[in-house]
Amino acid sequence: MRPLVCFFSGALMWWWWRCVHGLRVDISPGRPLFKLGERGQLWCSVSECAAAPVVSWTPLGDRPLDADVETRGLLSLLTFDPVEMQHEGPLLCKVTCGEQRKHAKTHVGLYAFPSDPVILGHDTVREGEESTLTCEVRDLYPAEMLTLDWLRGEQVLRSVAGEAGATAVRSTYGFTPRRAESGQNLTCRATLELRDLMPRERTRLVHARIRVTFAPVVTALSDPGAVPSGSVLVLKCSAAGDPPPVLTWTFRPEGRGAPQVKGHGGELALVAQEGEYRCEAHNQEGKDSKAVRVQVYAPPSNTSMWVHPGQEVLEGQRVTFVCRSDGAPPPSLVLRRDGAELQVSDTAPSLTFSLMAQPQDSAHYQCAAANAFGTQRVTRRVAVTAVNQLTICRWRGGVVVVVRLCEAHPLRVEVRPQVASAAVNSAVLLTCECWGCSSPPTLTWTRTAPSGAVPPPQEESRLVLRDVQPRDRGGYVCRATCDNVTRSGRATVHVYSPPRNTTVLVLPSASVSAGQNVTVLCRSGGFPPPGVVLRKVSDGTERRSADGIFPLVNVTARDSGLYRVNATNDLGHQVRVFRLNVTEPSVMTPPTLTAVLVPATVGAVGLAAAALVLDYLRRSKKKRSYRLTPSEPPAEGHALSAAPTL
């Protein structure tokens, strides 16, 4: 460099001008960083060289160049294809330009980050059980520049740095999963800390969604407390757990019996029975359950009072009063004589009271049954005849005395309960009770609707109907025979069931003409008797009917469409669908003038042609021959031959 110093007179400033430009060598890129296994290139550029430069590439150290070099004029291109480990390190580009020699130096950096991290282990873990996940990055370089971080959200849980010379970096993370962590992501982040590495190549992430399995916990169970007898009981249960738990309902009658499975799922609906209802949730991790006690209440019913030997007795006879009543809770029973209490029973299902009849015992006797939900009373008039009144009676052959002493046989029969209601697949117990027979009576059970014998099991005074079905509903009779006298007690069984065997009949047809009347008849079984709704699907129009009969009067095309019949009671529903097609009558349009003239014209032409043919035949007959002559020459091979001479 020969600086040119120029001095400008009167100024205090020196200006240095560069008068001679020397040889210059540059390498691009200045800080090369190549990915192993890919293609890498370096440029060596020469400037301020008047002659043709001589360029050479030289690695420092005991390393081969192992690259392709292409020099054109002032540029030299060095290509590594592929980039390998021996290419890392310092590298010189030497240039000779005449008498001048110069070089540029750079350092080739290498890296390998071929794939994303991999998380090993189970992403499904058990609550409270120690678990370990492993994150690993393979085939990377330089390993000492890699950092592995475990993150939950933005929180760094654990960090591990790689070691020099290694080809893989591995990090483990141990944790005890909690239920609240289920569904959250654990992230493994790998970062290669190379300054010249592009950001998109520097960091890679992999996520693992953690599923925490745990035993079920019943979170909610409805508690209706007390419900009326015969009503439909609806219980709801919910539970948390993973895998989602299966819910099973069991029922244990109050104070007796083994649990009975009543249903599955989050809701149970059945005719109310008193006892314990339990919801059990179970999955492969365990089980949990909760129970609720349901009380069934009913006001007193079937209240009765039996008087033995009868309501007309003689002085000195023993009279026995028996009061009974059904209800839940069991009603208290009070026997009164003309309003005055004779005996009270608070808990017993029946009350019994006896007295030696005296004339003053002639009175109205009342049996009153009461609980918290109602009261029911039964009254009987008892008349006591004094003995001295019998002595003044005229015997008239013993008729008067015989009538009083030989009254009707005291045998009495009752079936309890007189009305029984049960859900499908449950059991019904009917008990036949008899009074007024000195020895055990002979009992027989029959049915009235439909009539016939009852199926077993039956135990004389008890009739047990197990797994009742709708066909079991109807009347049941217990006949008791004592001293050649037969009395009967009756009961009715109702079976609660959802709608079934629903049928739909469309009269006169499902395809009718406009203006006709259509009747839709729907029949459905079930108890309580289902209500029926007819709904047009297209516009949602609904009709309701107590008897399942829907008259559609003077139908039009607008009534066409799809209809849905829904039979519903408290236990379920059943749906039937049908389509109604209503066609409008076609309109007859008057014929046009053209339609009239064309057939007429054709007919006239036809009559004229027929007349010509007849005239021709007449003339041919006179010549005793005729010939059919085609209007055009026939095609070859299809000539018409002459007709035979007549």
Side-chain angles (χ1 to χ4, degrees), residues 1-6 13-114 139-147 161-167 169 190-204:
M1 297 284 292
R2 290 186 302 161
L4 175 63
V5 180
C6 298
M13 185 178 296
W14 290 88
W15 294 88
W16 293 83
W17 296 89
R18 189 167 163 185
C19 300
V20 179
H21 298 282
L23 177 64
R24 184 173 179 179
V25 180
D26 294 303
I27 297 178
S28 178
R31 300 174 60 87
L33 181 63
F34 297 141
K35 189 173 184 179
L36 283 168
E38 295 189 352
R39 190 171 182 241
Q41 290 182 322
L42 290 174
W43 292 86
C44 183
S45 61
V46 181
S47 58
E48 304 301 332
C49 178
V54 177
V55 182
S56 64
W57 295 86
T58 304
L60 297 182
D62 187 14
R63 294 183 298 118
L65 181 60
D66 195 15
D68 295 330
V69 178
E70 183 180 358
T71 302
R72 293 182 182 179
L74 299 179
L75 290 176
S76 180
L77 176 63
L78 178 69
T79 302
F80 303 111
D81 192 10
V83 177
E84 297 178 346
M85 288 296 298
Q86 66 265 26
H87 297 145
E88 184 178 37
L91 183 65
L92 299 179
C93 176
K94 297 179 180 181
V95 178
T96 301
C97 180
E99 296 297 326
Q100 299 181 78
R101 289 184 176 84
K102 202 165 188 180
H103 70 270
K105 182 179 179 181
T106 188
H107 187 281
V108 176
L110 305 180
Y111 79 96
F113 201 177
D139 303 324
L140 70 130
Y141 181 82
E144 65 273 15
M145 301 302 293
L146 186 84
T147 302
E163 298 180 357
T167 59
V169 178
T191 306
L192 193 58
E193 301 290 349
L194 295 175
R195 184 180 64 180
D196 298 319
L197 190 61
M198 290 182 293
R200 67 174 180 270
E201 293 284 339
R202 183 176 300 167
T203 302
R204 300 191 181 186

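Counting begins at 1 with the first residue of the sequence.
The two residues Tyr141 and Leu192 come nearest to each other via the heavy atoms O-CD2, 4.0 Å. Scanning all heavy atoms of the two residues, the minimum distance from Leu110 to Leu33 falls at N-CD1, 3.8 Å. Pairing each heavy atom of Pro32 with each of Leu42, the nearest pair is CB-CD2, 3.6 Å. Residue Leu140 comes nearest to Val169 through the heavy atom pair CD2-N, 4.0 Å, listed as atom of the first residue, atom of the second, then distance. Here the shortest heavy-atom pairing between Ile27 and Ala104 reads CD1-O, 3.3 Å. Here the closest heavy-atom approach between residue Pro29 and residue Gln41 is recorded as CD-O, 3.9 Å.
Among residue pairs with one or both ends in residues 90-113, none qualify as ring pair (Phe, Tyr, Trp, His ring centres under 6.0 Å); sequence neighbours excluded. Residue pairs that meet the salt bridge (charged side-chain N to carboxylate O under 4.0 Å, His left out) test with at least one member in residues 84-101, sequence neighbours left out, do not exist here. For residues 60-85, every residue pair satisfying the ring pair (Phe, Tyr, Trp, His ring centres under 6.0 Å) rule, not counting sequence neighbours, is listed here: Phe80-His87. Residue pairs satisfying the salt bridge (charged side-chain N to carboxylate O under 4.0 Å, His left out) criterion with at least one member in residues 68-81, sequence neighbours excluded, are listed as follows: Arg39-Asp81, Glu70-Arg72.
Residues Leu74 and Pro53 are in side-chain contact: their nearest non-hydrogen atoms beyond the backbone lie under 4.5 Å apart. Between Cys49 and Gln100, every side-chain heavy-atom pair lies at or beyond the 4.5 Å cut-off. Put simply, the side chain of Leu91 reaches to within 4.5 Å of the side chain of Leu65, judged on heavy atoms.
Residues that satisfy the side chain to side chain donor-acceptor pair (under 3.5 Å) test with Asp26, not counting sequence neighbours, are Arg24. The salt bridge (Lys or Arg N to Asp or Glu O under 4.0 Å) check on Arg200 picks up nothing, with sequence neighbours excluded.
For Glu201, the CD atom counts as densely surrounded, since its 6.0 Å shell holds more than 12 non-hydrogen atoms of other residues, nucleotides or ligands.
A side-chain donor-acceptor contact under 3.5 Å links Arg202 to the backbone of Leu194. Under the 3.5 Å distance criterion, the side-chain polar atoms of Arg204 are left unmatched by any main-chain donor or acceptor of Ala190. Formation of a donor-acceptor pair under 3.5 Å by the Thr147 side chain with backbone atoms of Ala161 is not found in this model.
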* Check against side chain to side chain contact (heavy atoms under 4.5 Å, CB included), Leu78 and Cys44 -> CA-CA 8 Å; Leu78 178 69; Cys44 183; over 6 Å; no

* side chain to side chain contact (heavy atoms under 4.5 Å, CB included) between Lys35 and Val83: does it pass, once the steps are laid out? -> CA-CA 7 Å; Lys35 189 173 184 179; Val83 177; over 6 Å; no

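For the pairing with Val25, the side-chain contact (heavy atoms from CB on, under 4.5 Å) check across Lys102, Glu48, Lys105 returns one residue only, Lys102.
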